[in-house]
Amino acid sequence: MKDLTIPAARPVNPRFSSGPCAKIPHYSLDLLADAPLGRSHRAAVGKAKLAEAIELTREVLGVPADYRIGIVPGSDTGAVEMAMWSLLGARPVEMLAWESFGEGWVTDAVKQLKLDATVRKADYGRIVDFAQVDFDKDVVFTWNGTTSGVRVPSGDAIPADRAGLTICDATSAAFAMDLPWDKLDVVTFSWQKVLGGEGAHGMLILSPRAVERLETHTPAWPLPKIFRMTKNGKLIEGIFKGETINTPSMLAVEDYLVALKWAQSLGGVRALIARADANAKAVRDFIADKDWIADLAADPATASNTSVCLRFTDPAIADGAAFAKAVAKRLEKEGVALDAGAYRDAPAGLRIWCGSTVETGDVAALMPWIEWAYRAELAAQE
């Protein structure tokens, strides 16, 4: 330990959690001063804020004008469940999973909705072969594996003339990756990921094809009120104009608006993607010549630019899980990386959030600390 050199630089912001994620640069609670606290979300001021959040989401992400955007309860989980319970059952289903959240959607479809679904799975660090997927069925998948560090590289494998719906959990992809809207019928995400917003609220984006399904399909199971998007066979349009199903936090809405306006000031989604790409590159440039650490993603073409997952590869490590936890603990104790351990269900290692609110200089400053913590822990186990 006495021979280990402490890195000279430290990240200014040590927050590398994969959710809730780092706030936008130079964030201050003063930015929330315009929040209509103590006012009803149904009052004119509340409705205006919610409608603005929807329209800015459309503008920053480039969502087509004929797609509906709704603010829904329960974060991304609520949005995905809302889509699955409301839309599935009309056609055969394929469930795709390559990490823990995708596994959760499989469980809900098969065990809760009791659908006779085709299930395709891949190990952590890989994705399924999209060429094998039947898109004449409804297909449910995550765009980016938040816990596995891999993503769908493009929408090229999804046919434009598909008969089924594509239901995409994009919670750690939206605002940081290209989402091909013409290939996606349902897109969900939450505020606390790439834009560093607050939790509890989800976003549900529906294509015209998804709306048609809602208005023509009645699920075989009862729908809780919180999932219902139609009345008398017609879409409840108010949900997609800011008339939320339940009471939203106007403080959280204001926080989301602040993040959206920051994104808008940078130039929108292209600028956000560039920031995430630069952050992920800083990690991968550092590990490229190291023989003791590697990317969990097996194929660089599918490697995530937000949830970058790393694994220790040194054969001298006695207990991989204990070692990785100890390294993460050292980083936190030094105040250089908070919440940087791998997800509990994922392979042992580190997970460095590289989303658009993170500064590349902070990622670069963290890298020597990871090597320091690795060597310190290796020495400690001798």
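One-based numbering along the sequence shown. Here the structure is a predicted model, which is why all the values come from computation and not from measurement.
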**Q** Could you tell me whether the side chain of R58 and the main chain of P64 form a donor-acceptor pair under 3.5 Å?
**A** yes

**Q** Identify whether the distance between the nearest side-chain nitrogen and carboxylate oxygen of E212 and R209 falls below 4.0 Å.
**A** no

**Q** Compare all side-chain heavy atoms of V139 with those of I167 and state whether any distance is below 4.5 angstrom.
**A** no

**Q** Could you give me the CA-CA distance, side-chain angles and deciding distance for R275 and E359, then say whether salt bridge (charged side-chain N to carboxylate O under 4.0 Å, His left out) is met?
**A** CA-CA 8 Å; R275 286 177 64 91; E359 299 279 31; 3.0 Å; yes

**Q** Does a salt bridge link D136 with R91, judged by any charged N lying under 4.0 Å from a carboxylate O?
**A** no

**Q** For M250 and P36, work out which heavy atoms get closest and say how close.
**A** CE-CG, 4.0 Å

**Q** Considering only heavy atoms from C-beta outward, does the side chain of T302 approach that of W98 to under 4.5 Å?
**A** no

**Q** Can you find a side-chain donor-acceptor pair between E198 and S249 that sits under 3.5 Å?
**A** no

**Q** I'd like to know if I6 and V12 are part of one continuous hydrophobic network [Ile/Leu/Val/Met/Phe/Trp/Tyr, side-chain heavy atoms within less than 4.5 Å].
**A** no

**Q** Quick one, R120 with M95, criterion side chain to side chain contact (heavy atoms under 4.5 Å, CB included). Give me CA distance, side-chain angles, the key distance, then yes/no.
**A** CA-CA 6 Å; R120 299 184 187 275; M95 304 293 299; over 6 Å; no

**Q** If you group Ile, Leu, Val, Met, Phe, Trp and Tyr by side-chain heavy-atom gaps below 4.5 Å, do L115 and V133 land in one group?
**A** no

**Q** Is F240 reachable from L87 through a run of I, L, V, M, F, W or Y residues, each pair having side-chain heavy atoms under 4.5 Å apart?
**A** yes

**Q** Indicate the atoms forming the closest heavy-atom contact of I205 with Y67, along with that distance.
**A** CG2-CD2, 4.0 Å

**Q** H41 and side chain to side chain contact (heavy atoms under 4.5 Å, CB included): which partner among I71, L50, N246, V253?
**A** L50

**Q** For residues Y124 and Y343, establish whether the separation of their ring centroids is below 6.0 Å.
**A** no

**Q** Any sub-3.5 Å donor-acceptor pair from R351's side-chain atoms to T146's backbone N or O?
**A** yes

**Q** Whether the W143 and D169 side chains hold a donor-acceptor pair (N or O, under 3.5 Å, no angle test) is what I'd like checked.
**A** no

**Q** Centres of the Y374 and W292 rings: under 6.0 Å?
**A** yes

**Q** Can you tell me if CZ on R162 sees more than 12 non-hydrogen neighbours from other groups inside 6.0 Å?
**A** yes

**Q** Is there a donor-acceptor pair closer than 3.5 Å between any side-chain N or O of T244 and the backbone N or O of T247?
**A** no

**Q** Between Y256 and W191, does the ring centre distance come in under 6.0 Å?
**A** yes

**Q** Going from NZ on K193 to OG1 on T171, what distance comes out if it is rounded to the nearest 0.5 angstrom?
**A** 5.5 Å

**Q** Quick one: does W85's side chain get under 4.5 Å of L223's, heavy atoms only?
**A** yes

**Q** Charged N to carboxylate O under 4.0 angstrom, K49 versus D34?
**A** yes

**Q** Between W369 and W372, how do the two ring planes meet: parallel, tilted or perpendicular, split at 30° and 60°?
**A** perpendicular

**Q** Find out if a path of hydrophobic residues (ILVMFWY) with successive side-chain heavy-atom gaps under 4.5 Å connects V211 to V187.
**A** no

**Q** For the residue pair R311 and T313, establish whether any side-chain heavy-atom pair is separated by less than 4.5 Å.
**A** yes

**Q** Whether the Q264 and E59 side chains hold a donor-acceptor pair (N or O, under 3.5 Å, no angle test) is what I'd like checked.
**A** yes

**Q** Consider side-chain hydrogen bond (donor to acceptor under 3.5 Å, both in side chains). Of T147, D345, T142, which one does S100 pass it with?
**A** T147

**Q** Does D108 pair with K114 as a salt bridge, N-O distance under 4.0 Å?
**A** no

**Q** Before you tell me yes or no, could you show the steps for N305 and N279 under side chain to side chain contact (heavy atoms under 4.5 Å, CB included), namely the whole-Å CA-CA distance, both residues' side-chain angles and the distance that decides it to 0.1 Å?
**A** CA-CA 7 Å; N305 67 342; N279 292 339; over 6 Å; no

**Q** Is a donor from one side chain sitting under 3.5 angstrom from an acceptor on the other, for S18 and D339?
**A** no

**Q** Between E334 and K329, is there a salt bridge with N-O shorter than 4.0 Å?
**A** no

**Q** Assess whether salt bridge (charged side-chain N to carboxylate O under 4.0 Å, His left out) is satisfied between D362 and R10, documenting all intermediate values.
**A** CA-CA 7 Å; D362 286 338; R10 305 174 69 89; over 6 Å; no

**Q** Check the hydrophobic clustering (I, L, V, M, F, W, Y; side-chain heavy atoms under 4.5 Å; chains of links allowed) and say if V150 and V152 are grouped together.
**A** yes

**Q** How about I54 and L56: do any of their side-chain heavy atoms sit closer than 4.5 Å?
**A** no

**Q** Look at the side chain of S17 and the backbone N and O of G19, then say whether any donor-acceptor pair between them is shorter than 3.5 Å.
**A** yes

**Q** Using the rule given for side-chain hydrogen bond (donor to acceptor under 3.5 Å, both in side chains), can you reason through K137 versus T118, listing the C-alpha separation, both sets of side-chain angles and the distance that settles it, and then say yes or no?
**A** CA-CA 10 Å; K137 300 178 181 179; T118 298; 3.1 Å; yes

**Q** If you measure from CG on L338 to CG on N13, what distance do you get to the nearest 0.5 Å?
**A** 8.0 Å

**Q** Output, in order, the C-alpha distance, side-chain angles, deciding distance and verdict of side chain to side chain contact (heavy atoms under 4.5 Å, CB included) for Q112 and E81.
**A** CA-CA 11 Å; Q112 299 300 322; E81 297 287 7; over 6 Å; no

**Q** D185 and L165: which non-hydrogen atoms are nearest, and at how many Å?
**A** OD2-CA, 3.4 Å

**Q** Is any NZ, NE, NH1 or NH2 atom of the basic residue among E52 and K261 found under 4.0 Å from an Asp or Glu carboxylate oxygen of the other?
**A** yes

**Q** Are the side chain of H217 and the backbone of L88 linked by a donor-acceptor contact shorter than 3.5 Å?
**A** yes

**Q** Identify whether NZ of Lys or CZ of Arg in K325 sits under 6.0 Å from the centre of the six-membered ring of F323 and within 45° of that ring's axis.
**A** no

**Q** Apply side chain to side chain contact (heavy atoms under 4.5 Å, CB included) to Q381 and D319, showing your working.
**A** CA-CA 10 Å; Q381 78 171 21; D319 182 334; over 6 Å; no

**Q** Minimum heavy-atom separation for A324 to L350, with atom names?
**A** O-CD2, 4.2 Å

**Q** Salt bridge (charged side-chain N to carboxylate O under 4.0 Å, His left out) for E237 and K231? Distances and angles first, verdict last.
**A** CA-CA 10 Å; E237 293 285 359; K231 185 175 182 180; over 6 Å; no

**Q** Can you give me the closest heavy-atom contact between S304 and M177, atom names plus distance?
**A** OG-CE, 3.8 Å

**Q** Determine the minimum heavy-atom distance between S190 and D76, stating which atoms define it.
**A** CB-N, 3.6 Å

**Q** Do M82 and L204 touch side chain to side chain, with heavy atoms closer than 4.5 Å?
**A** yes

**Q** Will you find, in the side chains of E99 and S148, an N or O donor that is under 3.5 Å from an N or O acceptor?
**A** no

**Q** Assess the residue pair Y27 and D255 against the criterion (side-chain hydrogen bond (donor to acceptor under 3.5 Å, both in side chains)); give the C-alpha distance rounded to whole Å, side-chain angles, the decisive distance to 0.1 Å, and a yes or no.
**A** CA-CA 10 Å; Y27 182 81; D255 187 79; 2.5 Å; yes

**Q** Does the pair K121/E103 count as a salt bridge with the N-to-O cut at 4.0 Å?
**A** yes

**Q** Do V308 and F16 have side-chain heavy atoms sitting under 4.5 Å apart?
**A** no

**Q** Should I370 and I293 count as side-chain neighbours, where that means a heavy-atom distance under 4.5 Å?
**A** yes

